[in-house]
Amino acid sequence: MNQTYTLITGATSGFGEAIARKFAATGRNIIVTGRRQDRLESLQRELGALHSNVECVISCFDVRNEGEVENALCKLPSQVTCGINILINNAGLAVGRGPIDVGISEDWDRMIDTNVKGLLYVSKAVIPYLKNHPNSQIVNIASIAGKEVYPGGNVYCASKHAVDALSRAMRIDLLPYGIKVTNIAPGAADTEFSTVRFKGDTQAAKSIYQGYIPLYAEDVADAVSYVCSRPAHVTINDIVIMPTAQASATNLLKK
Ligand code: NDP
Ligand code: 8X3
């Protein structure tokens, strides 16, 4: 039988990196993507040494650039691209957290271009390969910010509401091809997310995760692994996964 591959966007840190580790550990071939080539290479080296039975292919591109996405996929060997049967749309970010009336247009563009348009560009490029497999799947990493809105969350929340809507829309449009679509909405998780959101202010980022136990990237990777290992006739449509100390986006029990 031909080999199958899982393509993971945003695998250079956080959830995507943990998903790559989890999938490699369960014997799945992976294509890890992101903009930081050095991190992709070091992950490839690490996983190659740990799992000789698994192929880890790297593909470096910016999801915001449709041409770059298409070229990067075209450059991969055809047996790799033709083998893609799972797509994990994980790459994403928040930039800034403040009232909409003083929002920065450049930050809004980065969030919408990455979280919404980037997800669309990658999906458009990969869906033709998914159609060739009998039991394909797309997993979109949305957020609790796609289920609720909170002060200062405005455009990030809008972008994740769009991801939530796209998950539901994809499930309908891709039904004729038997492609499963799963939406995963995590709450607060300690990754590089807040450092990016607060533009490198590590103190501000650290304070987000103090006084309670947040989710870790591995918790989300577990959920992704679960939804991708259900029998062919079962689709998990939506998972909201929160730290136990978090009841809603803004309701946190801090000690
Ligand atoms: P990280 O900052 O740790 O990881 C983000 C990943 O996205 C990186 O690998 C980064 O790679 C990639 N990425 C960002 N922009 C681009 C781009 N333009 N092109 C290609 N890749 C890009 O954050 P998380 O792991 O926490 O975030 C992963 C996803 O989870 C995001 O969609 C985020 O919105 C979502 N999320 C996060 C939560 C949290 O609290 N941490 C909670 C709920 C959802 P590189 O910089 O190398 O390009
Ligand atoms: C990240 C979680 O609550 O900061 O998507 O929006 S939150």
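Counting convention: from 1, in listed order, for ligands and their atoms alike. We count residues from 1, following the sequence as given.
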Ligand-residue contact atoms, ligand 1 with Ser13, heavy atoms, under 4.0 Å: 1 (P), 2 (O), 3 (O), 4 (O), 8 (C), 9 (O)
Using 4.0 Å as the upper bound for N to carboxylate O, is an ion pair formed by Lys117 and Glu66? no
Just so I know, are the side chains of Leu215 and Met242 near enough to count as touching, which here means a heavy-atom distance under 4.5 Å? no
Does only the side chain of Ala142 get under 4.0 Å from ligand 1, or the backbone, or both, or neither? Count heavy atoms. backbone
Taking the basic N atoms (NZ, or NE/NH1/NH2) and the acidic carboxylate oxygens, is any pair closer than 4.0 Å for Arg36 and Glu192? yes
To the nearest 0.1 Å, how far is atom 43 (C) of ligand 1 from its closest protein heavy atom, and which atom is that? Pro186 O, 3.2 Å
In Ile184, Asn183, Asn89, Ile141, the residue satisfying side chain to side chain contact (heavy atoms under 4.5 Å, CB included) with Val163 is Asn183
Find all atoms of ligand 1 within a distance of less than 4.0 Å from any non-hydrogen atom belonging to Ala11, and give their numbers and elements. 9 (O)
Do any nitrogen or oxygen atoms of Val63 come within less than 3.5 Å of a nitrogen or oxygen of ligand 1? yes
Under 4.0 Å from one or more heavy atoms of Gly187, ligand 1 contributes atoms 40 (O), 42 (C)
Who's closest to atom 38 (C) of ligand 1 heavy-atom-wise, of Phe15, Tyr121, Tyr216? Phe15
Quick one: look up the protein heavy atom nearest atom 24 (P) of ligand 1 and list residue, atom name and how far away it is. Thr191 OG1, 3.4 Å
Any N/O of Gly10 closer than 3.5 Å to an N/O of ligand 1? yes
What I want to check is whether the side chains of Ser194 and Tyr209 have a donor and an acceptor closer together than 3.5 Å. yes
How about Asn140 and Ser167: does a side-chain donor come under 3.5 Å of a side-chain acceptor? yes
Atom 48 (O) of ligand 1 has as its nearest protein heavy atom Arg35 NE, 2.6 Å
Could you tell me whether the side chain of Ile239 reaches within less than 4.5 Å of the side chain of Val227, counting heavy atoms only? yes
Check whether Tyr177 forms a cation-pi arrangement with Lys131 (NZ or CZ under 6.0 Å from the six-membered ring centre, at most 45° off the ring normal). yes
Would you check if Leu40 and Thr12 make a side-chain contact, meaning some heavy-atom pair closer than 4.5 Å? yes
Does ligand 1 have any atom sitting under 4.0 Å from a heavy atom of Thr9? no
Return the protein residues near ligand 2 (heavy atom under 4.0 Å from any of its atoms), ordered by chain and residue number. Ser143, Ile144, Ala145, Tyr150, Tyr156, Phe193, Arg197
Are any of the side-chain nitrogens in Glu17 or Arg21 under 4.0 Å away from the carboxylate oxygens of its partner? yes
Check contact between Ser194 and ligand 1, using heavy atoms of the residue and a distance below 4.0 angstrom. no
Please list the nearest protein heavy atom to atom 33 (C) of ligand 1 with its residue and the distance rounded to 0.1 Å. Tyr156 OH, 3.7 Å
Using a strict cut-off of 4.0 Å, indicate which atoms of ligand 1 neighbour a heavy atom of Gly14. 3 (O), 25 (O)
Tell me, do Asn237 and Thr182 make a side-chain contact under 4.5 Å, heavy atoms counted? no
How close does the nearest protein non-hydrogen atom get to atom 40 (O) of ligand 1, and which residue and atom is it? Ala189 N, 2.9 Å
Is any side-chain heavy atom of Thr6 closer than 4.5 Å to one of Cys228? no
Would you mind checking which non-hydrogen protein atom is closest to atom 21 (N) of ligand 1, with the distance to 0.1 Å? Ala91 CB, 3.7 Å
Are the side chains of Met170 and Leu119 in touch, meaning some heavy atoms are under 4.5 Å apart? yes
Please list, in number order, the atoms of ligand 1 under 4.0 Å from a heavy atom of Phe61. 19 (N), 20 (C)
Electrostatic pair Arg64:Asp62 at N-O distance under 4.0 angstrom: yes
Per the ring pair (Phe, Tyr, Trp, His ring centres under 6.0 Å) rule, what does the pair list look like for residues 115-163, sequence neighbours excluded? Tyr156-Phe193
Are Arg168 and Asp238 ion-paired here, with the side-chain N under 4.0 Å from a carboxylate O? no
Contact (N/O only, under 3.5 Å) between Lys160 and ligand 1: yes
Could you tell me the residue and atom name of the protein heavy atom closest to atom 29 (C) of ligand 1, and the distance to it rounded to 0.1 Å? Asn90 O, 3.0 Å
Please could you name the atoms of ligand 1 that Gly92 approaches to less than 4.0 Å, counting only its heavy atoms? 5 (C), 7 (O), 31 (C), 32 (O)
Who's the nearest protein heavy-atom neighbour of atom 9 (O) of ligand 1, and how far? Thr12 OG1, 2.7 Å
